[in-house]
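What follows is a short report on a single structure.
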Amino acid sequence: MKQLLTFIRKEFHHILRDTRTMMVLLGLPIVQLLIFGFAITNETRNSNIAILDNAKDEVTQKIISRMESSRYFDIDRSLTSNQQIESAFKTGKIKLAVVFQQNFQNELAHANKAQIQLIADATDPNQATTLVNYASSIIMDYQSELNQQNNLPYTINTEMRMLYNPELKGAYSSVPGVMGMILLLISTMMTSISIVREKEMGTMEILLVSPMKPMLVILSKAIPYFIVSLVNIATILLLSVFVLGMPIQGSIFLLIAVTILYLLCALSLGLLISTVTNSQLAAMLISLLGLLLPVVMLSGYAFPIANMPLPLQVISNIVPAKWYIIMVKSVMIKGMGFAGIWKESLIIIGMTFFFLFISVKRFKVRL
Amino acid sequence: MNKEIVIKTNKLTKKFGNFIAANELTFEVYKGEIFGFLGANGAGKTTAMKMLIGISKPSFGDAKIAGFDVYKQTEQIKRNIGYMSQKFSLYEDLTVKENVRLFGGIYGLSDKEIESKSEELINKLGMQQEADKLVASLPLGWKQKLSFSIAIFHSPKIVFLDEPTGGVDPVTRRQFWDMIYEAAHNGITVFVTTHYMDEAEYCDRVSIMVDGVIKALDSPKNLKSENNAKSMDEVFLILARGAKRGE
């Protein structure tokens, strides 16, 4: 135990003396959050939408078939009640729901007015706005065609509801993304670099000759970065609540628990990288190219996974950040409990054990 | 002779595939002696040393270090030896004192022991001014001396030095050897590999490795008279002439 404490103190010396790296580690989340909070827009295709048709008449069928023929939407007609919409959103099956009022055709014919409600999942505000715009333009098209044939103008009112994120704040999508990226970067890259540095400097040899257990060496490397990451989580959460005005809907303890789980996964990945490389440069390249890129590209943070070609969609499943980001969105924005995210938690735990298993195996070979 | 044996090997061998890096090494090292382990580059010195300090498993053969078996008792071996590698291996971004404290802590010394011994160490090296400076700022010679002092800080039975004086000026080398003598005088066995033949003259006994095999093992004086040589340099050239491996 004393060995461990002595060693952890040493690691903190390393980290704190390297002020430039320290500034990057602590400043990066802030900069990222502010930049990514506003910058990204995307075209969205083949999004899953659901239709709740309370009228089931000729006009609604026409509008639905127009939506169906558009390349933007894949339509699920199976919904029969408002409650089903809610649960479809929570499971993430659909991004948009279109609700037709009862007696749609009659209302339109007699009162010249009818109601369509568009409900969007605005946890990703850019996507939500885009989808709502696509849907309303299809409806408007239909309306203007009708009006050409009649003297009395018909009005179809579209009413929009942005679920979970009524003000369409970019922070809602960037906060989970930044958390997923920063934690992975710091925990994985910094841990692997600091272990590999010992190898490169020849100090690892000295440590292996000493009575210090290798597992202890690694544990004491992981702990300081774990703590730095916790500081980062605090910064990100405080910033998003007080500066970006983003609420934490679910339990903050669940959020932290999930985050710690993800941290452990990232640390074990860092350990794995350190066992397969011998130079700091290689460790850095692997972390940057092998982690940063897939996280930004494939985690669903910058680009919607639904828009990717199938092979990339499959690959995105092995990016731990993808699952973490889903969990953060569910807990932080949708306010879901553990019941809603147990699958993702299991995947992260599985990955952690997989990484640990391989690195322990490789570590023994080296000794 | 009634000398206590601290290192005893029997046909110690290390193979990497078909390549035999160290072939059936059999030798003994006595307590308190300075044992020089000589050989050209690639002769197998470092491989042999790594087996002795327990970070590389022998392919076959036996070895006992301070009475402990290299296969089963590596933990006890680690507790009883000190090691200084050819690469400078202290933490450059820690101060002199922090390095000493760290290694004291790793070897399980109490805070009190570390406190008093590190003061002693710093005074002996004349580094009072530098005690709180980063190791990176020290000249190489000082680093080497500090490195050695740290290797014997926990009073090991044996200290292994892998080419400790590489790249150091002659004056510092001389001072370094004074420290080695002092350690040996205090009962610490010194096992040292070196390229410098003048340093071989300082050893009590030397072994000369050629192509993975120990070609000769005796005191420098005996080796010189056996080979009709004036210096260890000549002895080495005569023995190593047939070497096939090397850089």
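The figures here come from the full heavy-atom set of this structure, side chains too, leaving out hydrogens, waters and symmetry mates.
Few gaps surround CE on B/M179; more than 12 heavy atoms of other groups in view lie less than 6.0 Å from it. More than 12 heavy-atom neighbours from other residues, nucleotides or ligands sit within 6.0 angstrom of OH on B/Y71. At most 12 non-hydrogen atoms from other residues, nucleotides or ligands lie less than 6.0 angstrom from NZ of B/K97. Remark: B/Q128 CD is packed, more than 12 non-hydrogen atoms of other residues, nucleotides or ligands lying under 6.0 Å away. Remark: B/E75 CD is packed, more than 12 non-hydrogen atoms of other residues, nucleotides or ligands lying under 6.0 Å away. The number of heavy-atom neighbours closer than 6.0 Å to CZ of A/F354, taken from other residues, nucleotides and ligands shown, is 12 or below.
Side-chain contact check for B/T95 versus A/H13: every heavy-atom pair is 4.5 Å or farther apart. Side-chain contact between A/I206 and B/F103 is present, with heavy atoms from C-beta onward closer than 4.5 Å. A/R197 is not listed as a side-chain neighbour of B/Y91, based on a closest heavy-atom distance of 4.5 Å or more.
Here B/I106 contributes atom CD1 and A/K10 contributes atom NZ; the two are 7.5 Å apart, rounded to the nearest 0.5 Å. Rounding to the nearest 0.5 Å places OG of B/S85 at 10.5 Å from CE of A/M201.
At a 4.5 Å heavy-atom cutoff, the contact between B/L109 and chain A is made by backbone atoms alone. B/E92 touches chain A through its side chain: at least one heavy atom from C-beta onward sits under 4.5 Å away, while N, CA, C and O do not. For a residue to count as touching a neighbouring chain, one of its non-hydrogen atoms must lie under 4.5 Å from one of that chain's; by this rule B/I77 does not touch chain A. For A/L207, the part lying under 4.5 angstrom from a heavy atom of chain B is the side chain only.
Heavy-atom pairs under 4.5 Å with chain B were tallied for A/T203, A/T6, A/L216; the largest tally goes to A/T203.
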Discussion item. Please determine whether side chain to side chain contact (heavy atoms under 4.5 Å, CB included) holds for the pair A/V209 and B/I55, giving the CA-CA distance in whole Å, both sets of side-chain angles, and the decisive distance to 0.1 Å.
Written reply: CA-CA 7 Å; A/V209 176; B/I55 53 176; 3.9 Å; yes
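Closest approach of B/Y107 and A/P211 over heavy atoms only: CE2-CD, 3.2 Å.
Judged by distance alone, the side chain of B/K78 and the main-chain N or O of A/L208 form a donor-acceptor pair under 3.5 Å.
The pair B/E98-A/R17 meets the salt-bridge criterion, with a side-chain N (NZ, NE, NH1 or NH2) lying under 4.0 Å from an Asp/Glu carboxylate O. Under a 4.0 Å N-O distance rule, the pair A/E205/B/K50 qualifies as a salt bridge.
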